[in-house]
> 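Take this structure, written in structure tokens, and hold onto it; I'll ask about it next.
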Protein chains: 2
Amino acid sequence: MSWGTPPTERADAARNRMHLVATAREMLAELGADRLTMDALAERSGLGKGTVFRRFGTRAGIFQALMDDAERAFQEQVLSGPPPLGPGAPPMERLIAYGRARVGFLIEHREIGRGTLDGRQSVPVGVQMPVSRMHIRMLLGQISLGSANLDILAIQLTAALDGPLLLYLSAADLSQAAAEAERQLAESWQDLVRRVCRP
Amino acid sequence: MSWGTPPTERADAARNRMHLVATAREMLAELGADRLTMDALAERSGLGKGTVFRRFGTRAGIFQALMDDAERAFQEQVLSGPPPLGPGAPPMERLIAYGRARVGFLIEHREIGRGTLDGRQSVPVGVQMPVSRMHIRMLLGQISLGSANLDILAIQLTAALDGPLLLYLSAADLSQAAAEAERQLAESWQDLVRRVCRP
DNA sequence: ATACTAAGCGGGGTAAAGTCCGGTTATCGT
DNA sequence: ACGATAACCGGACTTTACCCCGCTTAGTAT
């Protein structure tokens, strides 16, 4: 008798996954992103290489898993934290607050974010239907915008939020003056949203 | 006597680079992006592997070179083609036309675009100061927007243009109904620009 | 409790990315 | 024209992502 869409994950598999994610996080903090190799992760966690690949599929998959993990706490704030990030504030203010928070989140986890990028996969990893995009789409639906294609607009705004940090700002730009970059991006996001949502 | 900022590239080196880019393009068309390997490129072009790496630094570098190459023709249209893409039209119309054209360009060259992504490099390859971003920045400067940070806004709009195709839309989304996706993205870009640039 | 089965596991194997260094060739000053 | 020098070339070498397949173990039905 199974009660989940995934036909139940085996106990040892779940244990191993948690252990691997934890070990990966340790290695990331300790050695940096590019010394986090599959072999090293397998050895350090005391598991076989095959296991690591079965869990994550690809190197980028590890970073995706780390990202999902970090994002869980963030989502918590968004779904049931205090306004304006959480529910309760008018949608436009929530949208602005969301962008501000997400910029900070992405700067903090920029090493992980970059790691999820993988040029060999034609379908970008794990970006099936990011929570970010869903949330933005929902908030856009609550704001009365004229005849706009809200699905596409949500994709574009998500990109405006993630793109600078994943694609266009170098590591130097970010670590040298992270605080300043964060302030400017947040400010500019607010401006962008205000402009887009004007009647 | 040298007349370029680069202290003159040696003739054979230039010849080899052109040959490599041409061969890479052939292989891309013939075999697809993920059979375009460094070894195969070296062998097929009749050069050594060391040469290939000296030229392009990294696998993503090849795709970057292919992209630059393809982009040259595109820039030509933008810098001196007929309006509204080329000069002569009001800046906002040029901005809309630019986005429309770029969406088409990116869909056409999506395989190359994806190839430029590389999760191992902390500084994204070749995205030093993309022409796209410069052009958008320039047009924004010609439109009178209130007190906006135009540099950051340009980055965000560039991301809104590139992000969907590089990060969020799967290969299936694009090849299945490329024409439809292109239409929607272009339409939505126009809407976005109109909203942003309203007084 | 026990046998059955499907999933998980491990580690060795392959191919591709990226590095290095000795030999070669193009450019520059005279 | 010619030698000095710096850049280029090639291919062997190392590291790492990713695959495969026989063995083990967790879940399930009797």
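Since the structure is predicted, the reported quantities are computational estimates derived from the model, not experimental observations. Residue numbers begin at 1 in each chain, while the letters A, B, ... track the order of the sequences.
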> Hey, can you pull the residues of residues 29-45 of chain A with a non-hydrogen atom under 4.0 angstrom from DNA chain C?
none
> Is any NZ, NE, NH1 or NH2 atom of the basic residue among Arg72(B) and Asp68(B) found under 4.0 Å from an Asp or Glu carboxylate oxygen of the other?
no
> When you measure from the side chain of Asp118(B), which nucleotide among dA17(D), dG18(C), dG10(C) comes out closest?
dG18(C)
> Once you round it to whole Å, what is the distance between P of dG18(C) and CD1 of Ile62(B)?
9 Å
> Let me have the donor-acceptor pairs involving side chains of residues 76-87 of chain B, under 3.5 Å, with sequence neighbours excluded, atom names and distances please.
from     : atom 1 : to       : atom 2 : distance (Å)
Glu76(B) : OE2    : Ser80(B) : OG     : 3.3
Ser80(B) : OG     : Glu76(B) : O      : 3.3

> Would you call Arg59(B)-Asp118(B) a salt bridge at under 4.0 Å N-O?
no
> Just to be sure I understand the rule, does Arg17(A) reach a base, reach only the sugar-phosphate, or reach nothing, if contact means heavy atoms closer than 4.0 Å?
nothing
> Taking salt bridge (charged side-chain N to carboxylate O under 4.0 Å, His left out) as the cut-off, I'd like each qualifying pair that reaches into residues 141-154 of chain B, sequence neighbours left out, listed once.
Arg137(B)-Asp151(B)
> For DNA chain C, whose closest nucleotide is more 5', that of Lys49(B) or that of Arg15(B)?
Lys49(B)
> If you measure from CD on Glu71(B) to CD1 on Ile112(B), what distance do you get to the nearest 0.5 Å?
10.5 Å
> Can you measure Phe53(A) atom CZ to dT14(C) atom P for me and round it to whole angstrom units?
16 Å
> Are Glu182(A) and Arg100(A) ion-paired here, with the side-chain N under 4.0 Å from a carboxylate O?
no
> Listing time: all N or O pairs from protein to nucleotides 6-8 of chain D that are below 3.5 Å?
from   : atom 1 : to       : atom 2 : distance (Å)
dA7(D) : N3     : Arg10(B) : NH1    : 3.2

> Compute the angle between the rotation axes at the two ends of the helix from dA1(C)-dT30(D) to dT30(C)-dA1(D), each taken over five pairs, rounded to 10 degrees.
30°
> Which pairs, with at least one residue in residues 63-86 of chain B and sequence neighbours excluded, count as a ring pair (Phe, Tyr, Trp, His ring centres under 6.0 Å)?
Phe74(B)-Tyr98(B), Phe74(B)-Phe105(B)
> To the nearest Å, give me how far apart NE2 (His19(A)) and P (dG10(C)) are.
11 Å
> Is it the case that the side chain of Thr58(B) and the backbone of Gly61(B) share a donor-acceptor pair, with hydrogens and angles ignored and the cut-off at 3.5 Å?
no
> Begin from the C-alpha positions of Asn149(A) and Glu187(B) and carry the test side chain to side chain contact (heavy atoms under 4.5 Å, CB included) through to its verdict.
CA-CA 9 Å; Asn149(A) 185 333; Glu187(B) 212 64 35; over 6 Å; no
> Could you state the atom-to-atom distance from CZ of Phe63(A) to P of dT16(D) in whole Å?
13 Å
> Can you check the Arg59(B) CZ to dA15(C) C1' distance for me, whole Å?
13 Å
> Specify the residue among Gly50(B) and Arg120(B) whose closest nucleotide of DNA chain D lies further upstream toward the 5′ end.
Gly50(B)
> Spell out, yes or no, whether Met18(B) and Leu36(B) are grouped together once hydrophobic residues are joined by side-chain heavy atoms under 4.5 Å, including indirect joins.
no
> Among Arg25(A), Arg35(A), Arg44(A), which residue meets the salt bridge (Lys or Arg N to Asp or Glu O under 4.0 Å) test with Glu30(A)?
Arg44(A)
